[in-house]
Amino acid sequence: MAKNFTSRKENYSQWYNELVIRADMAENSAVRGCMVIKPYGYAIWERMQANLDKMFKDTGHQNAYFPLFIPKSFFNREAAHVEGFAKECAVVTHYRLKNSKDGKDIIVDDDAKLEEELIVRPTSETIIWNTYKDWIQSYRDLPLLINQWANVVRWEMRTRLFLRTAEFLWQEGHTAHATKEEAIEETEKILHVYEEFAEKWMALPVLKGLKSPNERFAGAVETYCIEALMQDGKALQAGTSHFLGQNFARAFDVKFLSKENKLEYVWATSWGVSTRLMGALIMAHSDDKGLVLPPKLAPIQVAIVPIYKKNEQLEEITKKILPIKEALEKRGITVKYDDRDTQKPGWKFAEYEFKGIPVRLAIGPRDLENGTIEVARRDTLEKEILNITDIDIKVANLLDAIQSNLYEKALAFREENTFKVDTWSDFKKQIEKGGFILAHWDGTEETEQKIKEETKATIRTIPLNNTKEKGQCVFSGKDSNQRVVFARAY
RNA sequence: CGGGGUAUAGCGUAGUCCGGUCAGCGCGCCUGCUUUGGGAGCAGGAGGUCGCAGGUUCAAAUCCUGCUACCCCGACCA
């Protein structure tokens with residue numbers, strides 16, 4: 001058992017906070033609400049980035065980079081959009097510092113006031129659409145499929161490492177299309193990319209669906225999302241894809257000449273996932289012994305620990321291990337051979353366990369004699385002694401097995417914690433216990449708002465391809481033709 | 001941003017009510033020897049302007065004021 005580590009049952013949010021720090025993923029910085037992502041945490045993020053980036057490129061997108069700063073005037077072009085972000089924007093007002101009169105301090109130089117304030121981007125729609133205006137003239141310029149990897153700032157009052165920080169890293173895709181249908185198709189295509197990434201790489205099952213008007217992105221016509229269930233029964237929005245209609249095209253006057261020689265506004269989408277995925281990854285699989293990582297995203301997939309008394313023994317073990325390490329690496333597996341003499345084997349075991357390394361191999365004098373090796377898997381904590389022959393194949397298979405086991409486990413958890421509820425009293429009871437609640441909703445914002453006020457639960461998503469069934473709204477009793485997904489959320 | 005709590009060595013903490021050998025303990029760190037199949041043992045050692053800034057007092061970790069950060073609850077938010 002990990003020493004002095006809060007269990008999930010004791011205090012879930014403390015468990016999460018301690019885990020992030022102790023697994024060496026991130027820490028709070030000197031700047032309020034902003035985190036330092038440490039090398040181990042960043043390595044996981046880099047793996048996410050690399051895979052997502054490939055998926056974006058495979059679907060025809062290109063990367064570009066737009067400025068961190070956005071002129072204030074851009075913001076009030078799209079009314080809903082301003083309203084959505086105005087309250088959490090950092091604003092740059094000056095461009096120079098100077099020494100104070102007594103020379104003891106550095107102060108803002110009042111003479112260096114910006115004519116127009118700059119907003120640190122909370123998202124980039126405005127600067128990007130202002131730019132697209134010049135890039136798009138003809139239907140031949142469409143579709144325009146751009147993604148950028150960037151940091152954004154949203155001045156949050158209450159922050160938590162990875163889940164909600166004032167500055168975070170993300171990717172934001174911004175595309176322009178000639179037709180509404182094509183833009184919607186793009187929005188859904190990206191949603192599918194997100195779903196595939198979550199399920200295949202993060203081993204995280206997600207619900208795909210639409211947001212209710214209350215939860216929709218400011219400026220979007222329709223917001224699609226993938227929604228995951230965490231181990232404490234709370235929902236977490238893992239990614240969003242927005243159909244923006246012609247809202248930004250109108251606001252920034254982005255028109256193109258169609259084949260029919262008609263001047264038309266373009267149709268837009270935007271979509272993003274952020275370092276919040278790190279929080280989802282952590283909370284989906286980890287346990288009371290620390291982090292559990294799916295092999296496909298683990299920076300180190302296999303750790304090898306030698307057990308020895310004398311230096312000659314270590315040399316012997318190393319001779320045995322290096323070919324194994326090479327064979328594993330040939331299969332694309334990342335391996336760390338930990339031959340440090342400064343830590344003892346038991347210490348290393350505990351360390352790799354806490355950091356969620358999927359597979360640990362240990363080899364000592366007994367194994368040398370018997371031609372065996374100890375194989376331990378992080379997800380189930382099982383250990384077995386295997387014959388060393390073809391160990392690379394066995395480990396590769398084990399990594400695959402761990403990857404799918406984590407997914408299956410998370411899926412089973414979600415299924416066990418998804419409930420159909422038909423009465424208001426059952427709804428209130430169930431929401432206290434957590435999980436996804438499938439209930440009828442009359443489709444009005446008022447009802448959603450009231451449910452939120454009384455239970456803190458929101459509509460997480462209206463699933464795509466939802467089963468249609470007649471019923472009565474769980475709150476108002478009015479007619480409804482489908483169930484939607486309610487939960488308390490991060 | 002409102003309410004509550006916390007801040008003492010790298011980490012975790014005792015001491016704060018009742019000012020005066022109170023700056024102590026555990027882990028970690030350094031040196032040496034013995035150890036090494038689940039967080040090693042012994043011996044020696046280094047490390048702290050008690051969050052920051054003021055104030056009260058002969059004397060402040062301890063009392064007062066302000067500030068900052070973190071945690072919990074709420075509001076806001078994706």
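Letters A, B, ... are given to chains in the order of the sequence lines, protein chains preceding strands, and every chain is numbered from 1.
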Please state how far atom NZ in A:Lys310 lies from atom C1' in B:U34, giving the value in whole angstrom units. 14 Å
A:Ile307 and A:Ala362 have their tightest heavy-atom pair at CD1-CB, 3.9 Å
Pairs in or reaching into residues 224-236 of chain A: which pass salt bridge (Lys or Arg N to Asp or Glu O under 4.0 Å), with residues at least two apart or in two chains? A:Lys211-A:Glu227, A:Glu227-A:Arg460
Dot-bracket for RNA chain B, 5' to 3', Watson-Crick and G-U pairs with both distances under 3.5 Å, [ ] for crossing pairs, | for partner on another strand, reads ((((((((.[[[[.)....(...]]]].((((((.....)))))).....[[[[[..)....]]]]])))))))....
Between A:Thr389 and A:Asn387, is the side-chain hydrogen bond (donor to acceptor under 3.5 Å, both in side chains) condition met? List the steps. CA-CA 6 Å; A:Thr389 313; A:Asn387 192 293; 2.6 Å; yes
Could you go step by step and tell me if A:Gln148 and A:Ile146 meet the side chain to side chain contact (heavy atoms under 4.5 Å, CB included) rule? CA-CA 7 Å; A:Gln148 88 164 338; A:Ile146 305 275; 5.6 Å; no
I'd like to know if A:Gln343 reaches the base of B:G39 with its side chain such that a donor and an acceptor end up less than 3.5 angstrom apart. no
On a whole-Å scale, what distance lies between the P atoms belonging to B:C63 and B:C73? 28 Å
Nearest-angstrom distance from the residue atom CD of A:Glu10 to C1' of B:C72: 16 Å
Can the ring centroids of A:Phe5 and A:Phe354 be said to lie less than 6.0 angstrom from one another? yes
Using a heavy-atom cut-off of 4.0 Å across all strands, would you classify A:Gly33 as base, sugar-phosphate, or nothing? sugar-phosphate
In this structure, how many angstroms lie between the P atom of B:U35 and the CG atom of A:Leu314, rounded? 17 Å
Check whether any side-chain N or O of A:Arg158 sits under 4.0 Å from OP1 or OP2 of B:C71, and answer yes or no. no
Would you say B:A78 has OP1 or OP2 under 4.0 Å from some side-chain N or O of A:Thr240? no
Taking the minimum atom-to-atom distance to the side chain of A:Lys383, which one of B:G37, B:C70, B:G38 wins? B:G38
Of A:Met157 and A:Tyr308, the one whose closest nucleotide on RNA chain B sits nearer the 5' end is A:Met157
Which one, B:C1, B:G39, B:U36, comes nearest to the side chain of A:Arg22? B:G39
Roughly how many Å apart are B:G3 and B:G66, using the P atom of each and rounding to a whole number? 12 Å
Any base atoms under 4.0 Å from A:Arg360, or only sugar-phosphate, or nothing? Heavy atoms, all strands. base
State which of B:U36, B:C70, B:G74 makes the closest approach to the side chain of A:Asn28. B:C70
Just compare B:U35, B:C72, B:A78 and give me whichever is closest to any side-chain atom of A:Gln237. B:A78
Between B:A40 atom P and A:Asp341 atom CG, what is the distance in whole Å? 13 Å
Looking only at atom P, what distance separates B:G15 and B:A7, rounded to whole Å? 10 Å
Confirm from the modelled atom types if A:Arg460 and B:A78 form a donor-acceptor pair under 3.5 Å, side chain to base only. yes
What contact category does A:Arg164 fall into here, base, sugar-phosphate, or nothing, at under 4.0 angstrom with non-hydrogen atoms? base
Give the intermediate values and the outcome of salt bridge (Lys or Arg N to Asp or Glu O under 4.0 Å) for residues A:Glu222 and A:Arg216. CA-CA 7 Å; A:Glu222 202 72 88; A:Arg216 194 178 284 153; 3.3 Å; yes
Check every strand shown and say whether A:Tyr490 touches a base, only sugar-phosphate, or nothing at a heavy-atom separation below 4.0 Å. base
For A:Glu27 and B:C70, give me the distance from atom CD to atom C1', rounded to whole Å. 13 Å
Given B:C1, B:G74, B:C76, the nucleotide with the shortest approach to the side chain of A:Lys456: B:G74
Mind checking A:Ser13 for me? I need base, sugar-phosphate or nothing, with any heavy atom below 4.0 Å counting as a touch. sugar-phosphate
Cation-pi between A:Lys450 and A:Phe475: NZ/CZ under 6.0 Å from ring centre and within 45° of the ring axis? no
Measure from the side-chain heavy atoms of A:Lys309 and tell me the nearest of B:G37, B:A78, B:U36. B:U36
Under the ring pair (Phe, Tyr, Trp, His ring centres under 6.0 Å) test against A:His81, which residue among A:Phe217, A:Phe74, A:Phe252 passes? A:Phe217
Indicate whether OP1 or OP2 belonging to B:A69 is found under 4.0 Å from a side-chain N or O atom of A:Arg32. yes
A:Glu374 side chain near A:Arg360 side chain, heavy-atom distance below 4.5 Å: yes
Among A:Trp201, A:Phe197, A:Phe162, find the one that has a side chain to side chain contact (heavy atoms under 4.5 Å, CB included) with A:Leu277. A:Phe197
Hey, which sits more toward the 5' end of RNA chain B by its nearest nucleotide, A:Lys452 or A:Cys34? A:Cys34
Could you check whether A:Glu351 gets within reach of a base, just the sugar-phosphate, or nothing at all, counting any heavy atom under 4.0 Å? base
Take A:Arg377 and A:Asp379, measure what salt bridge (Lys or Arg N to Asp or Glu O under 4.0 Å) needs, and give me the verdict at the end. CA-CA 6 Å; A:Arg377 56 188 285 185; A:Asp379 60 336; 2.7 Å; yes
Roughly how far apart, to the nearest Å, are B:G28 and B:U13 at atom C1'? 14 Å
Which whole-number value in Å describes the distance from A:Lys348 NZ to B:A40 P? 11 Å
For the C1' atoms, the ones on B:A53 and on B:G12, what distance do you get once it is rounded to whole angstrom? 28 Å
Can you figure out which of B:G39, B:A78, B:U36 approaches the side chain of A:Ala350 most closely? B:G39
In whole angstrom, give me the gap between the C1' atoms of B:U16 and B:C50. 11 Å
Say we look at B:G19 and B:C58: how far apart would their P atoms be, to the nearest angstrom? 15 Å
What distance, rounded to whole Å, do you find between the two P atoms, one in B:C71 and one in B:G38? 37 Å
Salt bridge (Lys or Arg N to Asp or Glu O under 4.0 Å) assessment of A:Asp288 paired with A:Arg8: CA-CA 6 Å; A:Asp288 295 343; A:Arg8 285 165 296 179; 2.9 Å; yes
Going by heavy atoms in the side chains, are A:Ile391 and A:Lys394 under 4.5 Å from each other? yes
Distances under 3.5 Å between protein N/O atoms and the N/O atoms of nucleotides 41-43 of chain B, please, pair by pair.
none

Atom CZ of A:Phe354 and atom C1' of B:C11: how far apart are they, to the nearest Å? 13 Å
Nearest whole Å is fine: how far is B:A69 P from A:Asn17 CG? 17 Å
